[in-house]
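Order of listing sets the numbers, starting from 1, for every ligand and every atom in it. Note: hydrogens, waters and symmetry copies are ignored here, and every other heavy atom, side chains too, is used.
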Amino acid sequence: MQEKLIKGYDRFRNGYYQRNRARLEQLAQKQAPEIAMVSCCDSRVDPGILFDVDPGEIFVIRNVANLVPPYETRGDYHGTSAALEFAVTCLKVKQIVVLGHANCGGIRALMENNDTIKPDSFIDSWMQIAAPAKKEVLARTDLDDDEQKIDACEKTAVSYSLRNLMTHPWVRQRVQDGKLNLVGCYYDLHSGELVSVDEINADNAADKTASV
Ligand SMILES: [Zn+2]
């Protein structure tokens with residue numbers, strides 16, 4: 001393990017852990033987060049720091065480009081869907097947040113068809129979840145350049161992930177019962193601003209500027 005991690009763990013063990021020992025020991029018995037969050041693997045987007053929450057408060061599911069796949073029953077390895085299923089049916093979270101972000105490498109690679117994504121690679125297959133978002137953004141006439149299109153796709157992909165969440169029967173049921181709500185938002189790495197992204201108005205997702 002890298003020295004950086006060893007020293008960091010030492011600081012945690014002697015600092016945060018000692019200060020919060022009682023709560024962490026209590027948490028060891030049971031987790032009961034009320035929020036699940038789908039966020040990107042991107043090292044610059046850390047939900048725990050971004051929302052200033054402690055261990056046990058949010059159930060974080062990280063994947064490339066914070067995508068939610070549509071519900072399906074094929075017997076493949078569905079890490080994100082499995083984690084969502086656990087969060088909804090076992091932990092019974094009250095809210096699922098899909099957190100998009102600026103400068104997303106996965107979305108950029110999808111939009112630019114660049115070398116980051118090799119055909120038939122795991123990333124290629126995974127990023128196809130966002131293909132409808134790409135198609136929608138490319139059809140828009142109000143976006144002037146490639147950077148605006150990438151920015152719009154980052155947000156529109158969040159909209160599609162919110163739609164895809166509703167294809168999972170256990171999500172749909174709890175939303176319809178009023179026990180679960182779905183939220184989309186987008187973090188701008190440059191300004192630190194957080195904006196909301198609607199589930200249904202994907203066409204206008206890039207123009208949303210209302211605060212969450
Ligand atoms: Zn990303």
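The nearest pair of heavy atoms linking His168 to Pro70 is NE2-C, 3.7 Å.
Distances under 2.8 Å from the Zn ion (ligand 1) pick out the protein N/O/S atoms Cys40 SG, His101 NE2, Cys104 SG.
For Asp52, the side chain to side chain donor-acceptor pair (under 3.5 Å) criterion is met by no residue, not counting sequence neighbours.
Using a distance-only test at 3.5 Å, with no hydrogens or angles considered, no donor-acceptor pair links the side chain of Asp120 to the main chain of Asp124.
When the shell of 6.0 Å around CD of Gln176 is examined, it contains more than 12 heavy atoms from other residues, nucleotides or ligands.
Tested against Glu147, the residues Asp144, Leu143, Ile150 include a single side chain to side chain contact (heavy atoms under 4.5 Å, CB included) partner, Ile150. Here the rule is side chain to side chain donor-acceptor pair (under 3.5 Å) with Tyr186, and of Lys155, Glu154, His101 only Glu154 fits it.
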